[in-house]
Amino acid sequence: MTVSTIMSGPDAWAEILAEQISARDLRQPDARTAGRTRAAVITAFGRALSGAPVTITRALLVTSGVAMTGGSSLVFGTERRTSAVDAALINATAAVAGSEASRDAANSACIVALFGLCEERGKTGQEFFDALISGAEISPCLAPTLSPAVGQLGFSLFGGVAAAARVLELSRPRIVAALLMAGMANIDGPPDGPGGATAFMIGLSLRSGLLAALLAEALDEASCAEMIRNEGRGIPSPAAGNGAPREAAFDLLAVQSPPGADLWDQFERQAGMVLPRDQIAPLFERLETIDKVKDLATVSRLLQARGTQAAPRKVVFAARGTHEPEETNWVP
């Protein structure tokens, strides 16, 4: 049974998106697209490092049951490695907190959330790069299918699912199931502002989107078909009421630096909040050539803050008159 025979009517939005996502054949990006992708990655990573020391990010790290150790995905600016979904929660929250109220904060959050998945799955920099471009290229499909009411968070959420689907190589029924489950996340546009509640809301939504993709991968196709048949029509369509295309379609690569800002100066300032100075330039160089990186661990190690080194032992001199002279054979 095909997906098209299971779904129809207002809930066919997920089927339409899934068909476009699974059918998309990524072409070699032109120089402009490649350059925009690298700049978006550098900006997003800088924002996440800048937001690592913020109160909401630090609070998540000490919350019981969140980001338990033992995974392979790094929480930026720390030494903690956890699951991809929890790394997505914290890194995405940090990216928003470090975005200084930028309207494209959700895009930065989406980029760093995807990195954790690629790191967990042992993907190369090229595969991470391709997934980002794939998510961005799906924008012509997202714009007419989703309502403008979903806000930038909704576009970033579904774009992130599209990018994760490429990384996980999901079949069409699994993509539909992932989109339906992700659609249950809060996709109302969050209020503008760098506040902790906004950062947490976006981080939680993008974690839900990634978790939906991973759940869809774990389900067999028969279970996905049953979910679509039994539950799909109960999930509100994000296109309900107004599916008209927006002038500014969703663009995962629309991660802007402040006007007149130099990308390196901005990154150095942001990364310097948590990383030693001798790591910042090598990290910037890795991100500039992210599509050439064979092992994302070489990037991850540079994103990891060093632990507190043991303080040098204090030299303590013996009290005068208590130190016994060493034996010697010297004869005057």
Side-chain angles (χ1 to χ4, degrees), residues 40-63 65-67 75-78 82 84-116 135 142 146-161 163-164 181-212 236 238 246 248-259 261 266-267 269-271 273-274:
V41 169
I42 291 169
T43 303
F45 279 47
R47 288 175 174 181
L49 290 168
S50 176
V54 172
T55 301
I56 185 66
T57 310
R58 290 188 285 108
L60 281 170
L61 283 171
V62 297
T63 300
V66 176
V75 176
F76 290 8
T78 75
T82 186
V85 291
D86 277 357
L89 169 63
I90 298 178
N91 291 335
T93 299
V96 179
S99 292
E100 300 174 351
S102 299
R103 296 187 63 85
D104 55 28
N107 286 352
S108 290
C110 181
I111 291 171
V112 296
L114 183 67
F115 180 82
L142 285 167
L146 302 181
S147 167
V150 303
Q152 186 62 38
L153 172 55
F155 283 90
S156 298
L157 171 63
F158 290 112
V161 173
M181 288 187 285
M184 300 181 72
N186 185 353
I187 57 173
D188 292 331
D192 293 332
T198 298
F200 175 65
M201 176 182 173
I202 294 177
L204 194 60
S205 293
L206 290 173
R207 179 189 187 276
S208 297
L210 179 56
L211 181 58
R246 302 175 65 183
F250 164 78
D251 183 359
L252 185 62
L253 306 181
V255 179
Q256 304 297 328
S257 299
Q266 174 184 281
F267 184 82
R269 173 179 59 81
Q270 293 173 326
M273 295 183 179
V274 289

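Basis for what follows: all heavy atoms, side chains included, without hydrogens, waters or symmetry-related copies.
Atom SG in Cys110 sits 13.5 Å away from atom CZ in Phe155 (nearest 0.5 Å). Here Thr63 contributes atom OG1 and Ile56 contributes atom CD1; the two are 8.0 Å apart, rounded to the nearest 0.5 Å. In this structure, CG on Asn107 lies 10.5 Å from OG on Ser102, to the nearest 0.5 angstrom. In this structure, Asp104 CG and Ser99 OG are separated by 7.0 Å, a value rounded to the nearest 0.5 Å. Between Leu61 atom CG and Asp86 atom CG the span is 10.0 Å, to the nearest 0.5 Å.
Of all non-hydrogen atoms in Gly209 and Ala182, the two that sit nearest each other are CA-CB, 4.2 Å. Across all their heavy atoms, Ala106 and Ser156 have their closest contact at CB-OG, 3.4 Å. Scanning all heavy atoms of the two residues, the minimum distance from Leu114 to Ala163 falls at CD2-CB, 3.8 Å. Summarising the geometry of Leu153 relative to Ser205, their closest heavy-atom pair is CD2-OG, 3.8 Å, with the distance given to 0.1 Å. Between Gln270 and Thr43 the shortest heavy-atom distance is OE1-O, 4.4 Å. Closest approach of Val112 to Ala95, counting heavy atoms only: CG2-CB, 4.0 Å.
By the ring pair (Phe, Tyr, Trp, His ring centres under 6.0 Å) test, Phe45 is found to be paired with Phe76, Phe115, residues two or more places apart in sequence or in another chain being considered. Residues passing the side-chain hydrogen bond (donor to acceptor under 3.5 Å, both in side chains) test with Ser108, sequence neighbours excluded: Arg47. Residues meeting the side-chain contact (heavy atoms from CB on, under 4.5 Å) test with Ala164, sequence neighbours left out: Leu117, Leu210, Ala213.
With contacts defined as side-chain heavy-atom distances shorter than 4.5 Å, the pair Leu49/Met273 does not qualify. Contact annotation: the side chain of Ile90 never approaches that of Thr82 to less than 4.5 Å [non-hydrogen atoms, C-beta and beyond].
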- Message: Applying side chain to side chain contact (heavy atoms under 4.5 Å, CB included) to Leu89 and Leu206, what does each step give before you reach the verdict?
- Response: CA-CA 7 Å; Leu89 169 63; Leu206 290 173; over 6 Å; no

